There are 2 protein chains.
Amino acid sequence: MADHLDFVLDQWARERPDLDVSAMGVIGRLSRLSRLVGTELEKAFSAHGLDRGAFDMLATLRRSGPPFALTPAGLMRASMVTSGAITQRLDRLEARGWVTRTPSDSDGRGVVVALTDEGLALINAALPDHVANEERILASLSTEQRAQLAETLRQLLVALGDSPA
Amino acid sequence: MADHLDFVLDQWARERPDLDVSAMGVIGRLSRLSRLVGTELEKAFSAHGLDRGAFDMLATLRRSGPPFALTPAGLMRASMVTSGAITQRLDRLEARGWVTRTPSDSDGRGVVVALTDEGLALINAALPDHVANEERILASLSTEQRAQLAETLRQLLVALGDSPA
DNA sequence: TATTGTTATACTCTATAACTATA
DNA sequence: TATAGTTATAGAGTATAACAATA
């Protein structure tokens, strides 16, 4: 079965046969898939009253382990969004009672963002649904394909400068 | 070499050993990579005074072949953005003199968007740089890995409802 | 001087809906 | 009634820069 990029590559082959546009077959699909997957992920989030940004913040705090606390700078590095977006996300999460902001002990400039009991309960409840949703999204791939895909994506990420922490 | 998702999966293994979060290894990497690749693509666009949305419109018109004309609805389907975004993109492209909007002959409600000579020259010039940039982004993969990646992504896209045209 | 977090600006996009002109 | 395109609203993100407090 053909996808949209099959159509696009066909058009380019006809219009610009001088150009090798095969890279588009990878990058174009990457872009479209990321969009479609994003839409699918929202379904599980909204079932818990969350959106992507909120889930991202709560999950990052959750997986950091007890006491479920990080600085805004740490959340920024993990989420790949700008500092302004982090401030706004935290404003909303704080208003909902899911996180607290307290001055850092060790750094007078710093702030520590921590999950409240309500925030912890929420992310603990949303997490299994999110993981099940991701499994559903990947259901068309074999175990081997999934492993191979993860490894190829990692190779690309490392080459583009992605790093742990 | 480790990437960010190696770190994330490690944290989840420690915090929620009851959950199989391996799907995150695929979907998380997909999301981060799409973001990083997007940033890299902008470099080639901005060298020609374009942004992602503008390049997207011009390239879609270009590959449709002579007379390089499509309806806003056609551009919307190809680009996966909302109708409001299309209207705004076309407003900007029209103001720059790169596309024209003329009433459709066959449908009184319709509009035909067409590349101007300037728009055609611009996209023809930008295209080889864009393709070279995509090749650079994928340089860390072998030919076989690229082909396999494209095929796996296509499989996922088709399963999620992506289709030609 | 540099860093932390917040605030501000202008812009692009989202989702949703209303609106017109036409089919 | 439905469709094509535009317009409008509120909200979340971008990039960039400025800012106060602290290191």
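This one's a predicted model, so the numbers in the text were calculated from it and none came from an experiment. A, B, ... follow the sequence lines: proteins, then strands. Residue 1 opens every chain.
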For [X], give me all partners under salt bridge (Lys or Arg N to Asp or Glu O under 4.0 Å), at least two apart in sequence or on another chain.
X         : value
Glu134(B) : none
Arg32(B)  : Asp162(A)
Arg96(A)  : none
Asp105(B) : none

Starting at the 5' end of DNA chain D, what dot-bracket string do you get if Watson-Crick and G-U pairs under 3.5 Å are bracketed, crossing pairs use [ ], other-strand pairs use | and unpaired bases use dots? |||||||||||||||||||||||
Quick one, which residues of residues 72-111 of chain B touch DNA chain C with a heavy atom under 4.0 Å? Met80(B), Val81(B), Thr82(B), Ala85(B), Arg89(B), Arg92(B), Asp107(B), Gly108(B), Arg109(B)
Which residues, if any, of residues 35-66 of chain A bring a heavy atom under 4.0 Å of DNA chain C? Arg35(A)
Run the side-chain hydrogen bond (donor to acceptor under 3.5 Å, both in side chains) test against Ser79(A) and tell me which residues pass, sequence neighbours left out.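 Testing Ser79(A) for side-chain hydrogen bond (donor to acceptor under 3.5 Å, both in side chains), a comparison that skips the adjacent residues, returns none.
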Which nucleotide of DNA chain C is the first, and which the last, in the 5' to 3' direction, to come under 4.0 Å of a heavy atom belonging to chain B?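 Reading along DNA chain C, I get dT12(C) to dA23(C).
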Using a 4.5 Å cut-off between side-chain heavy atoms of Ile, Leu, Val, Met, Phe, Trp and Tyr, which other residues end up in the same hydrophobic cluster as Val158(B)? Met1(A)
Quick test of your reading: applying side chain to side chain donor-acceptor pair (under 3.5 Å), list the pairs with at least one residue in residues 68-78 of chain A, sequence neighbours left out, ordered by first then second residue.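 Sorted pair list comes back empty.
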Holding to ring pair (Phe, Tyr, Trp, His ring centres under 6.0 Å), I want the full list of residues that pass it with Phe45(A), two or more places apart in sequence or in another chain. Phe55(A), His130(A)
